Amino acid sequence: MSERYDAKAIEAKWQQAWADARAWEVADPSDLAAPDTPKSYVLEMLPYPSGSLHLGHLLVYTIGDVATHFRRRNGMRVLHPMGWDAFGLPAENNAIARGGHPRVTTEANIVAIRASMRRIGWWIDWSRELSTHDPAYYRWQQWQFLRFLERGLAYRKGAPVKWCPNDQTVLANEQVLADGTCERCGALVESRLMEQWFFRTTDYAQALLDDLETVDWPESIKARQRNWIGRSDGAELVFRIEEWDEDITVFTTRPDTLFGATFFVLAPEHELVARIDSEEVQAYVRRASAKKTEERAAAEEKTGVFTGLHAVNPVNGELIRVYVADYVLTDYGTGAIMAVPAHDQRDFDFARAFELPVRQVVRPTAGEVDESAPYLQHAEGETLVNSGEFDGLPAPEGGRQIVERLEREGRGRFAVNYRLRDWGFSRQRYWGCPIPVVYCDACGIVPVPDDELPVVLPDIEDYKPKGRPPLAQAEDWVRTACPRCGGEGRRETETMDTFVDSSWYFLRYCDPANDEAPFDRAKVDYWNPVDLYIGGVDHATMHMIYARFWMKVLNDLGYIGFREPFASFFSNGWVTSGKTKISKRSGSAASPDAVVERHGADAVRLCILFLGPADQDMEWTEEAAEAMARFVRRLWRVVNEVAEQAPKGEPEGGALARKAHETIAKVTDDVGRRFAFNTGISAVMELVNEISRDPGGRDAHFAAQTAVSLIQPYAPHVAEELWQRLGGERLWEQPWPVADEAMLERETIEVVLQVNGKLRDRVQVAASISDDELVALARASEKVRAHLNGGEPRKTIVVPGKLVNFVV
RNA sequence: GCCGAAGUGGCGGAACUGGCAGACGCGCCGGACUCAAAAUCCGGUUCCCCUCGGGGAGUGUGGGUUCGAUUCCCACCUUCGGCACCA
């Protein structure tokens with residue numbers, strides 16, 4: 001009998017061996033321009049060190065780790081680094097609530113998480129570790145910001161912004177959830193007019209949309225980004241306000257309905273509305289702005305007020321009434337619309353409430369028109385009516401011709417509108433990267449010179465925002481000489497959104513110690529784009545859009561040679577542990593530390609991937625962890641038996657050897673191409689079951705070596721130990737096994753014999769059998785003959801290697 | 001409303017380009033080893049009929065293509081996720 005399996009001892013032993021060999025570090029090739037081996041950059045989204053590791057981390061980093069091992073052993077130079085998204089609100093709020101500097105708590109968390117990660121045995125190149133709160137890192141972020149600023153890609157403007165009253169800071173649009181609450185804390189977000197820093201993401205809206213075609217991402221993630229960018233094709237049309245003789249542009253996707261515009265609406269926040277000298281109008285505007293965005297959308301009845309003004313329809317000169325109504329949004333399109341109640345539900349509702357005319361201008365070619373609802377179709381089958389010279393044209397064509405005419409008259413043009421808006425990135429909080437500018441009364445906004453970077457975040461006493469950013473307390477820090485005129489200047493007291501930190505961190509891993517530039521272009525161009533990016537869907541529209549935007553800018557500025565950061569993306573599922581019974585012994589809920597302590601790292605790594613497909617949500621259960629611990633023990637026992645009993649040497653090509661080769665083919669496909677980790681593990685379990693039937697027998701040694709080698713990416717420690725017991729050395733350096741195709745061909749295969757599609761018999765035949773021989777063999781089968789009833793088949797279907805089917 | 005994903009045993013889930021549906025695991029049932037229990041090992045486990053051999057039904061529903069459909073096509077139902085007074 002072999003000795004008891006001791007996970008803790010084996011895992012510690014091999015982790016020490018790898019550390020001694022510095023096995024997990026990866027060097028750049030000696031010639032970056034002509035690399036010796038293919039590279040692969042495997043990256044998971046960097047963790048936020050606000051607490052300790054959780055089961056979600058366990059999944060993400062184990063997926064990346066398995067991919068890392070697999071690619072490494074397939075002869076690739078694999079970069080698999082780790083870093084810390086250290087800035088951000090939770091650390092700061094925690095500091096406010098419990099005292100202590102956010103840096104202290106954050107760094108303590110990093111120490112703990114790093115220890116957990118090492119205990120799990122992830123194959124991470126710790127020599128490239130970075131943290132976003134390190135001045136050596138954010139120095140270069142400030143440097144890049146200044147390059148953006150020079151090109152006008154970072155700018156300041158006063159704009160209505162989303163304000164979280166709980167976190168006392170501005171939020172980016174992406175950080176506000178659909179129900180109008182803060183993505184971080186859940187508080188209802190307000191709208192405020194504030195001076196803010198923005199990045200010009202809208203300049204890149206079309207590129208962000210187009211380049212989605214070039215990346216290998218799940219369709220659902222691409223769809224979310226398309227949705228978020230929200231391209232609409234239509235036209236901008238110019239209406240004149242008759243009383244003021246002033247032009248207002250509207251955006252519409254339905255220029256074909258222009259003759260049906262029977263009134264005109266301005267958003268309450270539209271700049272012209274403030275100039276309307278009417279107490280009734282201004283009272284309405286005040287009421288509307290008091291309402292939350294959410295209430296506005298939920299309102300059953302359309303509300304609004306007539307301004308007394310009239311707009312001139314550019315296509316026919318018709319005068320229509322101008323209303324102010326809050327169903328028109330200020331931040332989409334131009335904040336003004338032409339209202340076509342006959343063909344738009346919202347305009348129809350408003351027209352009903354205010355008894356405005358409804359004029360149908362698009363008719364279906366066949367069928368009756370229902371006057372009680374707007375007619376919304378817009379296709380070749382629909383034709384224009386009541387539209388002057390354009391009558392009878394198909395709707396889309398009519399729309400084109402209307403815009404073309406207005407274009408000639410200077411009253412319109414084809415236009416594209418995006419839902420995407422510029423990224424507001426300044427935050428009125430302490431724990432973030434300082435924005436390196438100085439305000440000077442004489443010179444305005446003055447960038448801090450490159451050689452004075454980094455602008456280091458100063459220590460302060462109280463992190464709580466009190467109507468001004470907490471950094472304003474650091475008066476000695478704020479007061480500084482203007483870099484341009486030397487006069488009195490004040491430093492920017494707002495900090496950057498943490499999404500800036502995570503927009504380029506994957507570049508820094510390629511050259512983490514560089515103190516002369518953010519990175520060396522040759523190194524970054526060698527490793528990037530990231531070949532496999534792994535993370536949660538929750539970052540599909542924030543981080544993943546910002547990082548793409550950042551790369552496009554860096555490419556345009558000539559700092560990098562690629563435009564997309566993430567060539568392929570794997571979106572991992574959520575892990576829950578709701579139903580897990582908390583063990584009385586451990587006394588704590590399912591945390592990676594606790595489950596690793598109970599079951600060992602190998603079992604836990606296997607378990608998280610065996611629970612189900614890694615891109616779907618899953619539930620962690622103690623039963624599942626026990627099951628995988630059981631498998632590891634079984635593997636241990638079976639392989640040890642093989643090591644003691646089975647003859648070594650070349651495989652003899654028996655059934656077990658064949659099974660081993662089949663398993664190689666299956667696992668290679670599952671890990672390498674399909675990311676089907678659960679079925680890959682199943683295949684190895686199946687092989688181990690086979691071996692256990694006769695652990696001293698023919699081919700058992702080879703089969704055991706194969707099983708151990710294949711399970712190595714999942715359970716590297718036990719695999720290493722067992723490999724050694726089977727007589728091998730340094731499994732981590734062994735090439736990934738290759739299925740012997742010739743053997744798979746050589747052996748016999750099972751062929752299914754059918755009559756009329758029904759299974760009648762099975763025969764084992766040589767894989768090399770010819771179709772004719774196979775058919776003859778099938779005819780000879782008594783079971784088949786019984787169903788042929790002595791007759792001749794009408795048709796014979798042969799699927800090579802699979803079946804013969806006689807149709808009678 | 002628009003966009004996306006998914007419906008398979010008691011459960012998690014397999015079935016890669018149309019070819020033995022239910023791999024692998026959990027749970028359950030039976031057995032071995034134990035004074036006993038735990039652990040471990042062996043066998044069984046979609047449902048319904050059947051005396052053994054076996055037969056019939058079956059992958060959300062209804063059609064279709066095909067010798068053959070979980071897989072392809074059409075229509076529908078349900079669930080989950082994203083976006084949305086977006087002009």
Side-chain angles (χ1 to χ4, degrees), chain A residues 1 4 177-178 218-232 234-235 250-255 257 261 265 267 293 296-300 302 325-329 331-340 343-347 349-350 376 417-419 537-538 540-541 571 574 606-607 610-613 615-619 621 623-624 626-628 630-631 633-634 637 665-666 669-670 673-674 676 678-689 692-693 750-759 761-762 793-797 799-808:
Chain A
M1 283 303 290
R4 221 181 123 76
L177 302 181
E219 188 51 38
S220 59
I221 305 293
K222 288 190 185 186
R224 280 204 205 191
Q225 290 216 350
R226 284 194 201 102
N227 212 329
W228 193 266
I229 296 164
R231 176 182 164 123
S232 293
V250 301
F251 174 79
T252 179
T253 53
R254 295 292 304 277
T257 63
V265 188
T293 324
R296 277 212 211 177
E300 292 284 317
K302 296 274 180 284
D326 66 7
Y327 80 92
V328 172
L329 307 174
D331 50 6
Y332 185 80
T334 62
I337 64 155
M338 66 176 207
V340 185
H343 305 293
D344 182 281
Q345 185 67 53
R346 296 151 297 173
D347 297 345
D349 295 343
F350 190 85
L376 303 172
N417 191 62
Y418 299 94
R419 203 188 83 103
V537 275
D538 46 327
T541 49
S571 154
W574 286 94
L606 280 162
C607 182
F610 187 72
L611 282 174
D615 59 350
Q616 281 169 41
D617 294 353
M618 56 189 81
E619 171 141 343
T621 61
E623 289 77 12
E626 278 163 14
M628 288 329 271
R630 194 145 57 221
F631 166 67
R633 285 195 298 269
R634 180 172 162 80
R637 178 178 59 81
K666 166 109 181 96
D669 195 44
D670 284 350
R673 187 176 63 84
R674 302 199 306 136
N678 53 334
T679 57
I681 294 168
S682 294
V684 178
M685 287 176 158
E686 216 179 321
L687 179 59
V688 172
N689 288 344
S692 73
R693 287 182 222 292
E750 187 179 65
V751 170
V752 173
L753 307 184
Q754 297 180 344
V755 178
N756 280 340
K758 287 197 196 301
L759 173 71
D761 203 359
R762 294 171 192 161
R794 182 165 57 84
K795 192 174 167 188
T796 302
I797 295 153
V799 180
K802 282 180 181 163
L803 66 82
V804 180
N805 184 24
F806 295 116
V807 183
V808 292

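To find a chain, count down the sequence lines: A is the first, B the second, and so on, and within it residues start at 1. The structure presented is a predicted model; accordingly, all values stated were derived computationally and were not measured.
- For the atom pair A:Leu687 CG and A:Met685 CE, the distance stands at 12.5 Å (nearest 0.5 Å).
- Toward the 5′ end of RNA chain B lies the nearest nucleotide of A:Ala223, the other residue of the pair A:Ala223 and A:Asp347 mapping further downstream.
- B:rU59 and B:rA69 have their P atoms separated by 11 Å, with the value rounded to a whole Å.
- Among the heavy atoms of the strands lying under 4.0 Å from A:Lys302 is at least one base atom, whether or not backbone atoms are also near.
- Taking atom CD1 on A:Ile221 and atom C1' on B:rG4, their separation rounds to 10 Å, with Å as the unit.
- Atom name C1', nucleotides B:rA39 and B:rU34: the rounded distance is 11 Å, in whole Å.
- Residue contacts for A:Pro613: at a heavy-atom cut-off of 4.0 Å it reaches the sugar-phosphate backbone alone, with no base atom in range.
- Of the side-chain N and O atoms in A:Arg226, none sit less than 4.0 angstrom from OP1 or OP2 of B:rG4.
- Atom CG in A:Asp617 sits about 13 Å away from atom C1' in B:rG12, given to the nearest Å.
- Under a 4.0 Å N-O distance rule, the pair A:Glu626/A:Arg633 does not qualify as a salt bridge.
- Out of B:rC41, B:rG81, B:rC42, the shortest distance to the side chain of A:Arg637 is found at B:rC41.
- Annotation: B:rG43 and B:rC24 have their P atoms spaced 11 Å apart (nearest Å).
- Between A:Gln616 atom CD and B:rA6 atom C1' there is a gap of 8 Å when expressed in whole angstrom units.
- In this structure, OH of A:Tyr332 is placed 13 Å from C1' of B:rC2, rounded to the nearest angstrom.
- Distances shown here put a side-chain N or O of A:Arg633 below 4.0 Å from the OP1 or OP2 atom of B:rU40.
- Atom pair A:Asp326:CG and B:rC85:C1' shows a separation of 9 Å (rounding to whole Å applied).
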Mind listing the N/O atom pairs, protein and nucleotides 23-28 of chain B, below 3.5 Å?
residue	atom	partner	partner atom	Å
B:rA23	O2'	A:Glu686	OE1	3.1
B:rG25	OP1	A:Asn689	ND2	3.4
B:rC26	OP1	A:Arg630	NE	3.4
B:rC26	OP1	A:Arg630	NH2	2.8

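- Look at B:rC41: its Watson-Crick or wobble partner, with both distances under 3.5 angstrom, is B:rG31.
- A:Thr257 and A:Arg254 make their closest contact through OG1-O, 2.7 Å (heavy atoms, listed as atom of the first residue, atom of the second, distance).
- Residue-level contact check: A:Val328 touches the bases, meaning some heavy atom is under 4.0 Å from a base atom.
- Using Watson-Crick or G-U wobble geometry with both donor-acceptor distances under 3.5 Å, B:rC76 finds its partner in B:rG60.
- Spacing between atom CE of A:Met338 and atom C1' of B:rA87 amounts to 8 Å, rounded to whole angstrom units.
- Under 4.0 angstrom from either OP1 or OP2 of B:rA87 there lies at least one side-chain N or O belonging to A:Ser232.
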| A:Arg419 and A:Asn227: side chain to side chain donor-acceptor pair (under 3.5 Å), yes or no, with the steps? | CA-CA 8 Å; A:Arg419 203 188 83 103; A:Asn227 212 329; 5.6 Å; no
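- Across the interface with RNA chain B, nearest-nucleotide mapping of A:Ala676 and A:Ile337 shows A:Ala676 to be the residue nearer the 5′ end.
- A:Tyr332 and A:Phe251 have perpendicular rings, their planes meeting at more than 60° on a 0 to 90° scale where under 30° would count as parallel.
- Nucleotide B:rU51 is matched to nothing when pairs are restricted to Watson-Crick or G-U wobble geometry with both distances under 3.5 angstrom.
- Distance noted for atom C1' between B:rG13 and B:rU17: 22 Å (whole Å).
- On the P atoms, B:rG30 is 49 Å away from B:rU65, given to the nearest whole Å.
- A close approach under 4.0 Å does occur between a side-chain nitrogen or oxygen of A:Arg419 and OP1 or OP2 of B:rA84.
- B:rC72 and B:rA84: their C1' atoms are spaced 34 Å apart (whole Å).
- Counting non-hydrogen atoms under 4.0 angstrom, A:Leu611 reaches the backbone sugars and phosphates but no base.
- Whole-Å rounding puts the A:Ile229 CD1 to B:rC2 C1' distance at 16 Å.
- Counting any heavy atom pair closer than 4.0 Å across all strands shown, A:Arg674 reaches sugar-phosphate atoms only and no base atom.
- The nearest whole Å value for the distance from the CG atom in A:Leu329 to the P atom in B:rC83 is 16 Å.
- For B:rC67, its base sits under 3.5 Å from the side chain of A:Asn805 at one donor and acceptor pair at least.
- Between A:Asp349 and A:Lys302 the shortest heavy-atom distance is CB-CG, 3.9 Å.
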